[in-house]
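Convention: sequence-line order gives letters A, B, ...; per-chain numbering from 1.
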Amino acid sequence: MKPAPFEYRRADTREEALSLLAEHGEDAEILAGGQSLMPLLAMRLARPAMVIDINRIGGLAGVTEIEDGISVGALTRHREVARDALVARDAPVLAKAVPHIAHHGIRNRGTIGGALSLGDPAAEFPACAVAAGARLVLASAAGTRRIAAADYYLAPFETARGPEDLLVAAEFPADGRGAAVVEAAPRAGDYAIVGLVALARPSGARLRDVELVYFAAGERPNPAPAAAAILAAADDARAALAEAAEAARREVETIATPSASAAVRRHLVGALLGRAVAALFEGARP
Amino acid sequence: MTEPVTIDAPVGVPLPTARSARLVNGAGRFVADARPAGGLEVAFVRSAHASARILSIDAAAARAMPGVAAVLTAADLAPILKSFRGTHGAFPDLVAPRQTALAADIVRWSGEPVALVLAASRAVAEDAAELVEIDYDPLPAVADPRAAVAEGAPAIHPEAPDNVALTLIHEKGDVDAAFAQAAHVAELAFSFGRVTGVPLETRGIVATYEAGERRLTVSMSHQCPHQMNVEFAGLLGLDVEKVRVSCLDVGGGFGVKQQLYGDELAVCAAAMLTGRPVRFIADRLESMVSDIHAREHVVTGRIAVDGEGRILAFDIDDLFAIGAYSQYPRSSAGEIRSVIGLAGAPYRFCAMRGRARVVFQNKPPSGHYRGVGHPIGCAVTEGLVDAGAAAAGIDPLEFRRINLLTAADLPYASPNGTTFPRLTFPQCLDALEKAVDLPAVHRDVAAGRAEGRCLGLGIVAFVEQTSRGSGFYGDGGVAVSSRDSCTIRLEPTGGLRCLSSVTEQGQGSEMGVTQIVAAAVGVPLERVEVVTGDTAATAQGGGTWGSRCLAIGGEAAWHAGRKLRTEILELAGSLLQADPATLRLMDGAIHDASGARMSLADLAVTAHYRPHAFGGRHPQLVQSADYSPLDGPFRAGSGFQLSLVEVDVELGSVKLLRHVVVHEAGRIVNPLLADEQIRGAVAQGLGSALFEELTFDAEGQPLATTLADYRLPEASDLPDIEVVHAKAPPIPGSALGAAGLGEAGTVGAAAAVFNAVNDALAPYGGRVSAMPLTMGRILAGLGRVKG
Ligand SMILES: Cc1cc2nc3c(=O)[nH]c(=O)nc-3n(C[C@H](O)[C@H](O)[C@H](O)COP(=O)(O)OP(=O)(O)OC[C@H]3O[C@@H](n4cnc5c(N)ncnc54)[C@H](O)[C@@H]3O)c2cc1C
């Protein structure tokens, strides 16, 4: 469990990182919190020629206000995301996700940029970003561009990020909806077998503006628009649960892994919807 | 025969181990901390195939890499290294194919070591290992135990064309008549996932060879250094007294560090071939495919019950999958003997049939892990007992009360073939009922169920066979010692240095020996230094296996201590001109009826430096004793485990609400360490019940090779484990009167959870039969998804 040889470069500025990426991007890995990259290196599953450490770059960590919401810097650690006041105001779904991510030690080091970049289909933050309509801000020597999270995740561990790109931030439009993150995981802190990010505005027995995005069920964050529409149209969201769950089971792709068969995942897709709806109403209680 | 004696404090006192402070402060010294000058580091090239013929090995590129000293294959080791077979004389039919330290022609599991790279660092060795080109011709592989014994399955060894290594048939009493006349019969199927011990410290070894004197010095992380000393000498053609095996701190063993591994043997051979110290520290990835695995069983069982709720008979059929080889030196036969010999163990019944087959498969070898067969025997028995109770319409605990062995039944020659001289279920049941308000638990379960919660209660009885005598291995021609020894030296200022053959992997056996010696001699605890784990320092002894350290090594320590005390009092009598019988040694001072007369320090100084003061008597100042249980094959502990669970019927997850262990094992030397032994073992049992499984695909490729995929229970997954010691007199036949207890927790933990979950699922018409109880299995058991 020793990494294959690689060259270590520490970028102290964003420009330095971008020029290293421009030159070596194809053969380089960016080192952020290292909580995923280091095990991948140690197991020789990742074999970059170069590792570019971005931890000393100023201005990449922290949350700032932007016109329509907040920008979460790529180097913001999971733990800071959980405690940030602006996150609580505009993107509370992120804070709701953090307790499900790994353990304290990993949350202290792991970064939102790393979690969004890795493209692990079982990760919470990518599903949050898709549900909340986040924009991912990618910088390269050629300039800066923004990609909707919904367009970012192509396949497991494959994103629209180019080899020369550095993810610098994720922008979340202010979202006043209630948020719930629920999952079925073997142990506390494990990657989910199936998870669900749900956003909605509860009012009485109704749920308005429902957004559902599953994770860990399939190969990428999986929106469930039909199920969301059924819930949003119902006078009593709870009464429509069975129908919505059925729709979700139909529309959400489910995969088989050693942890669970596709059939188990399909079942859980439905079961978790009830949990999410309960949590949304619970969260709306004064 | 020696009988239990009164023993004073500090025996019986709950004291933390002396070494804990050092370990938690990070000052432990493990084999990985030893980096001999001029040493080479090892990386193994391990087979990527579960079954393949090796056509050629080309190590030229690896050898050419800077920093690489050598690349060795089976052919290189063969001239100095013998092969070995995991046979056992008690099972002459056991097919135990010959093994070599590195695979020679055919690889039979994914992860089997094929070549060893020696380099300046482990990183370089790993780089070079990637360059070793092995040309394989893949052969068909069999992974599933049922597939292995199916018609037409490819034979893994020519010696076992049907892949069956051993079949054990046991029949006692008229089983068919019992089932024919039974008022109730219940039948269940079980399957148990493959697990492993996962010590915190992985396996590791440093070997140094001095060619001139043919002297091999080994430092390794192991439970049984004396066994390894004998094995290394034998397999490497060295004189046993020229080999020394010692252990530094050992971070857990659990049976994983009880066998001989080809990779460790290859390291010794490499030290001999290169003349340089060689160091190998297993990483976690290779540990998961090379440490001994355990407990992969497929079982069906039946129970027959009469109209009064009395158990008549058990009928058990067990398939035990051992991977590619019978483990060496102990063989992989003991496990099924335990399963059969413990079936129905806590109960009175009249007939038993058991068939157990040991099968080969293309997976890493499987063998002994904490509890060896006990957890399977217990889970099968207790599952059937619950099913029998349900069939008879009797409350499960009531049903057990009817059938549990009582003092009047003892000694009990069970139809399972085992004779139990002493069990203490009435005392344990009493303790359980005092410690747990069972009616209140039942009320809570009923109330919770009325609210729609899926709650379940499991209460199981268990027997732990501990501190084995020499019959099993000794008569089986296996060089495994059931003895333990202790030598105690009186040092010049009155301190005691104690050389004990027990070994320490964190369980506190050294602390137990310390307490026993302090009590036996009569000195303060702080003045007893215990040395273990070094074959050049301690006399021969078995080390750690089968819950034996204190019951056996502690008994030896007691007798050595009493002998030394006798000598000290005689010497004191000579100096004080008193009858030694009127003297006592307490707290490091010699007392007569009037009080302290002389400190042990003064006596020791006199004896060491003025031996002429004793009237011509030569002070020895060192005494030894050795002990092996000669009076029977084992000493048994008895107990109950209670599990209260809540199942989430939508997600298929299980929450452990409560876990109680009631246990009796004779004299308890250190109640604190005893509790922690039981808790740790319960955690491992709960792990195999709920989380842990070494999964493989149908071709034998391992799927759980990291601790992300192999799920150990974590603190947040477990409830507080309540431990209750039932009171019973010390066990007859020895001064200490202790049984072991290191495995007790694992024996009944999974069974209790399994029964509790099935109790929870019963009102939903659900049932589970396979452990671990994953979400998928629970959902399938509830009929919510297809199994
Ligand atoms: C035991 C364990 C359990 C875990 N459980 C969970 C879990 O339940 N849910 C979950 O979501 N995660 C989990 N994780 C992963 C954890 O959240 C990681 O921290 C996270 O996925 C990656 O963040 P990082 O900052 O550590 O990234 P790193 O490990 O440093 O990098 C990960 C990848 O992202 C790339 N990268 C990093 N930053 C950038 C950037 N700014 N721009 C472009 N590319 C970048 C790297 O090149 C690398 O390929 C777990 C990790 C462990 C070790």
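A:P3 approaches B:D127 most closely through the heavy-atom pair O-OD1, 4.5 Å. Nearest heavy atoms, B:L651 versus A:L272: CD2-CD2, 3.9 Å. The heavy-atom pair separating A:M43 from B:T706 by the smallest distance is SD-CG2, 3.8 Å. B:R122 and A:M1 make their closest contact through NH2-N, 4.1 Å (heavy atoms, listed as atom of the first residue, atom of the second, distance). What you find for A:S259 and B:R711 is that their closest heavy atoms are OG-NH2, 2.8 Å.
Between the CD1 atom in A:I193 and the CE atom in B:M775 there is a gap of 4.0 Å [rounded to 0.5 Å]. For the atom pair A:R187 CZ and B:L690 CG, the distance stands at 11.5 Å (nearest 0.5 Å).
Looking at B:S716, only its side chain comes within 4.5 Å of chain A, counting heavy atoms on both sides. Only the side chain of B:D717 comes within contact range of chain A, judged by heavy atoms closer than 4.5 Å. When heavy atoms are compared at a cutoff of 4.5 Å, B:A708 approaches chain A solely by way of its backbone atoms N, CA, C and O. Proximity to chain A is absent for every atom of B:E693, based on heavy atoms less than 4.5 angstrom apart.
Taking chain B as the reference chain and counting heavy-atom pairs below 4.5 Å, the highest number among A:A42, A:P5, A:A260 is found for A:P5.
Considering only heavy atoms from C-beta on, B:D648 comes within 4.5 Å of A:R275 through its side chain. Using a 4.5 Å cut-off on side-chain heavy atoms (C-beta onward), A:R265 and B:V785 make no contact.
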